Amino acid sequence: MYKRILVAYDGSDHAKKAVEHAVSLAKVLNSSLYVITVAVDPSQEALEKAKRIAAEAAEKIASSGLAVSDVAVRSGVPANEILNYAEEIRADLIVMGSRGLSTIQRLVLGSVSQAVASRARVPVLIVK
Ligand code: ATP
Ligand code: MG
């Protein structure tokens with residue numbers, strides 16, 4: 001179980017924590033780790049920024065001594081892209097933060113973690 005773990009990473013503090021949890025699980029369970037960062041729009045600038053954010057997660061994972069199986073940078077609706085990619089790589093666990101980069105504090109869960117948690121066909125670990 002949890003042999004193919006996908007971490008959704010937006011560069012936020014919660015997402016950083018999500019990477020740490022994914023790494024710990026992957027070490028214990030000998031899992032493959034995948035990363036996705038979704039750019040907010042398809043502009044070159046947004047894609048470049050997303051690429052840098054994704055690379056940051058990949059570096060964190062690599063510095064923990066684990067190999068990253070794949071790093072995906074996509075543009076579109078974040079929850080849709082995360083769910084599509086999870087299906088593509090046949091992830092059996094998705095790890096993400098409870099909140100992200102938004103400064104709006106009204107919700108316990110951000111909209112992306114809420115959408116992924118409710119629509120995913122595999123377990124979702126939401127890191128607080
Ligand atoms: P909202 O975006 O709904 O205003 P928020 O930014 O606080 O609120 P979310 O965006 O739902 O909360 O972020 C929760 C988690 O979802 C993040 O910690 C991260 O794991 C993942 N996530 C959010 N946006 C992206 C993204 N663009 N690419 C990859 N993962 C993301
Ligand atoms: Mg967000």
Side-chain angles (χ1 to χ4, degrees):
M1 224 193 304
Y2 308 147
K3 288 300 178 199
R4 306 167 71 82
I5 299 176
L6 171 60
V7 195
Y9 188 77
D10 64 355
S12 65
D13 288 345
H14 280 97
K16 287 190 171 94
K17 252 176 114 176
V19 168
E20 288 165 17
H21 284 246
V23 162
S24 298
L25 277 174
K27 281 187 176 169
V28 175
L29 300 170
N30 198 21
S31 323
S32 307
L33 274 180
Y34 295 79
V35 173
I36 183 168
T37 299
V38 183
V40 285
D41 64 68
S43 69
Q44 201 55 39
E45 199 184 335
L47 279 167
E48 288 301 328
K49 188 174 175 199
K51 222 181 262 182
R52 284 196 297 276
I53 292 171
E56 189 182 288
E59 276 163 31
K60 274 179 180 294
I61 293 167
S63 71
S64 80
L66 293 181
V68 186
S69 295
D70 188 41
V71 179
V73 177
R74 306 265 167 102
S75 64
V77 177
N80 294 351
E81 297 305 318
I82 292 165
L83 290 162
N84 287 342
Y85 183 60
E87 296 272 326
E88 276 171 40
I89 60 164
R90 290 177 289 110
D92 52 9
L93 179 69
I94 301 170
V95 182
M96 57 200 309
S98 57
R99 300 302 313 260
L101 291 170
S102 164
T103 50
I104 305 162
Q105 288 300 322
R106 61 199 148 83
L107 299 170
V108 180
L109 284 186
S111 60
V112 179
S113 44
Q114 179 161 354
V116 171
S118 56
R119 286 162 51 200
R121 295 206 286 218
V122 295
V124 179
L125 174 59
I126 294 177
V127 178
K128 287 195 174 183

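Quick caveat: nothing in here was measured; it's all calculated off a predicted structure. Below, each value reflects all heavy atoms present in this structure, side chains not excepted, and no hydrogens, waters or symmetry copies.
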When rounded to the nearest 0.5 Å, the distance separating CD1 of Ile126 from CD1 of Ile94 is 10.0 Å

In this structure, NZ of Lys16 is separated from CD of Glu20 (nearest 0.5 Å) by 10.0 Å

Checklist entry - Less than 4.5 Å apart, any side-chain heavy atom of Leu125 and any of Leu25? => result yes

Taken to the nearest 0.5 Å, the spacing of Leu33 CG from Lys60 NZ works out to 13.5 Å

Distance col, row Glu88:CD vs Asp70:CG, nearest 0.5 angstrom, shows 9.0 Å

The reported gap from NZ in Lys17 to OG in Ser12 (rounded to nearest 0.5 angstrom) is 11.0 Å

**Q.** Connected via hydrophobic side-chain network under 4.5 Å: Ile89 and Leu83
**A.** yes

What verdict does the side-chain contact (heavy atoms from CB on, under 4.5 Å) test give for Met1 and Asp92, after you've listed the backbone C-alpha separation in whole Å, the side-chain angles of each residue and the deciding distance to 0.1 Å? CA-CA 7 Å; Met1 224 193 304; Asp92 52 9; 5.6 Å; no

**Q.** Joint hydrophobic cluster, Val112 plus Ile36, side-chain heavy atoms closer than 4.5 Å
**A.** yes

In short, Ala22 meets Val7 closest at the heavy-atom pair CB-CG2, 3.4 Å

Q | Check: Glu87 and Asn84 side chains under 4.5 Å, non-hydrogen atoms | A | no

Could you see if Met96 belongs to whatever hydrophobic cluster contains Val38? Use Ile, Leu, Val, Met, Phe, Trp, Tyr and a side-chain cutoff under 4.5 Å. yes

Separation between OG1 (Thr37) and CG (Leu47), nearest 0.5 Å, reads 11.0 Å

Has the side chain of Arg99 got a donor or acceptor atom that lies under 3.5 Å from a matching backbone atom of His14?
no

- Message: Hydrophobic cluster membership, with links at side-chain heavy-atom distances under 4.5 Å among I/L/V/M/F/W/Y: are Val95 and Ile61 in one?
- Response: yes

For Ser31 and Tyr2, the nearest pair of non-hydrogen atoms, with its separation, is OG-O, 2.6 Å

side-chain contact (heavy atoms from CB on, under 4.5 Å) test vs Val35 passes for just one of Val68, Ile53, Leu6, Val19, namely Val68

Hey, quick one: are Val124 and Ile5 part of the same hydrophobic cluster, counting side-chain heavy atoms closer than 4.5 Å, chains of contacts allowed?
no

### Message
Tell me if a side-chain donor or acceptor on Ser113 pairs with a main-chain N or O of Ser98 at a distance below 3.5 Å.
### Response
yes

Minimal heavy-atom distance between Ala15 and Gly11, with the atoms involved, is CB-N, 4.2 Å

With a 4.5 Å cut-off on side-chain heavy atoms, are Lys27 and Ser64 touching?
yes

Correct closest heavy-atom pair for Ala39 and Ala46 would be CB-O, 3.6 Å

#### Entry: Full working for side-chain contact (heavy atoms from CB on, under 4.5 Å) between Leu93 and Val122
CA-CA 6 Å; Leu93 179 69; Val122 295; 5.9 Å; no

_With a 4.5 Å cut-off on side-chain heavy atoms, are Val71 and Lys51 touching?_
no

Worksheet item: Under the side-chain contact (heavy atoms from CB on, under 4.5 Å) criterion, do Arg119 and Asn80 qualify, and how do the steps go?
Response: CA-CA 9 Å; Arg119 286 162 51 200; Asn80 294 351; 2.8 Å; yes

